[in-house]
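Inspection log for the structure reproduced underneath, given as structure tokens.
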2 protein chains.
Amino acid sequence: MARWEPGARGRLRAAALELFADQGYDETTAAQIAARAGVTERTFFRHFDDKREVLFAGSEDFARAFLDGVRDAPPEAAPLDVVAHALTSVATFFPDERRDDSRGRWAVIHAHPALRERELLKLAGLAGVLATAMRERGVPDPAAVLASESAVTVFRVAFGRWLAVGEERSLVDLEREVLGELTALTTPASQVVP
Amino acid sequence: MARWEPGARGRLRAAALELFADQGYDETTAAQIAARAGVTERTFFRHFDDKREVLFAGSEDFARAFLDGVRDAPPEAAPLDVVAHALTSVATFFPDERRDDSRGRWAVIHAHPALRERELLKLAGLAGVLATAMRERGVPDPAAVLASESAVTVFRVAFGRWLAVGEERSLVDLEREVLGELTALTTPASQVVP
DNA sequence: GTCTATAGTGCGATAGAC
DNA sequence: GTCTATCGCACTATAGAC
């Protein structure tokens, strides 16, 4: 038997999610999370920069899926088509089986401002790297930033809708719908046919 | 003479901004800020829920200006026209005289992730109340949320541009420009003239 | 792994304004 | 008398330094 069980990081993440859901974020100490994962408090802080970060450790893969969608879009695609492509790509990360898990996670995060703050920072960082990727495709700068911000907004709104009770449509479908609503908003009929 | 000087809150805000700018956010303790303002650390935390909040205490007026712009827009205005109206309204809060102050504040906030996090949370809250105000105007829900999010995005981008070194155009002008870029993005020529 | 500074909270006491 | 802003002190948890 090993000196310590492997997978401490994963156990810490699971323990934190459970405890936050049961007792609330404030009422849960880092020591409690560590104890449930069978490690010391010190180990918790070696894995995660702060207490909030334990809930966001998996977000790199998510960001990469988003980014890959931008890079894999056909070269001639217009900025908003690139966005659509990226949204499709990231949706593969959230198959319907993950919907209930995502609901639990969402509830925990949105129950405490400190966790929402961290989520918003992550999403802002994502928008930043998306903008860089857009520029690398040759999209000039006002468009690159605005397209990236819009992509994140559409994802956030669609994701929220995906989690709504009773909702059964897939995330891709909802993303498409929201993206359509955004273009409809900025393109009233009077502008299409002046 | 009174037992304590009035205006402790304002002194704390000014002291915090100076110290954060001079020494950095992490290197400044709440006790230092309090000392410079002539109060105790306990008083600091009675005025502000946490150390970050001292930099964002003035943001209610800003949010109100934004909100008033939504409410004062003509009843028949389309969602994006309401957004334009709100952007004009909030720009009155940032006359050119405030540009240098805003630059200093912006530099402090963007020098530390913890402060950016708080800024993002405030802006998300703003988008939320804007959406509520839009709904009160009768704008239905996908449009209300998307218009509000877009309004905040346009403001953020325009504000960043307003602060750029050498930039001399007014915030209203820049907001109009960015809003135009957003509509251009979501309305490529092929859609306008199919 | 231990030790320490700082953030942030709870509560009683105090002093002036009304 | 009440109300409000402050102080002063004890305390826990986070987070980082050693």
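The figures here come from the full heavy-atom set of this structure, side chains too, leaving out hydrogens, waters and symmetry mates. Throughout, a chain's letter reflects where its sequence line sits, starting with A, and its residues are numbered from 1.
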- Message: If we count only N and O atoms by modelled type, under 3.5 Å, do the side chains of B:H112 and B:D26 hold a donor and an acceptor together?
- Response: yes
- Message: Ignoring hydrogens and geometry beyond distance, is a side-chain donor-acceptor pair present between B:S150 and B:T153 at under 3.5 Å?
- Response: no
- Message: Taking the six-membered ring of B:F20 as reference, does the cationic atom of B:R105 (NZ for Lys, CZ for Arg) lie under 6.0 Å from its centre and within 45° of its axis?
- Response: no
- Message: Is the ring pair A:F48/A:F44 parallel, tilted or perpendicular, if the boundaries are 30 and 60 degrees?
- Response: tilted
- Message: Angle between ring planes, A:F155 versus A:F94, binned at 30° and 60°: parallel, tilted or perpendicular?
- Response: tilted
- Task: For the residue pair B:R52 and B:E119, establish whether any side-chain heavy-atom pair is separated by less than 4.5 Å.
- Result: no
- Remaining members of the apolar cluster that contains B:V172, side-chain heavy atoms under 4.5 Å: none
- What one-letter contact string describes nucleotides 9-18 of chain D from 5' to 3', where B marks a base within less than 4.0 Å of any protein heavy atom, S marks contact via sugar-phosphate atoms alone, and - marks no contact? B---SBSSB-
- Query: Between B:F20 (CZ) and C:dT6 (C1'), how many Å, whole number?
  - Reply: 13 Å
Which atoms of nucleotides 3-6 of chain D (N or O only) lie under 3.5 Å from a protein N or O atom, and what are those distances?
| from | atom 1 | to | atom 2 | distance (Å) |
| --- | --- | --- | --- | --- |
| D:dT6 | OP2 | B:H47 | NE2 | 2.7 |

- Do you reckon A:L130 sits in the same ILVMFWY cluster as A:F93, going by side-chain contacts under 4.5 Å, direct or chained? yes
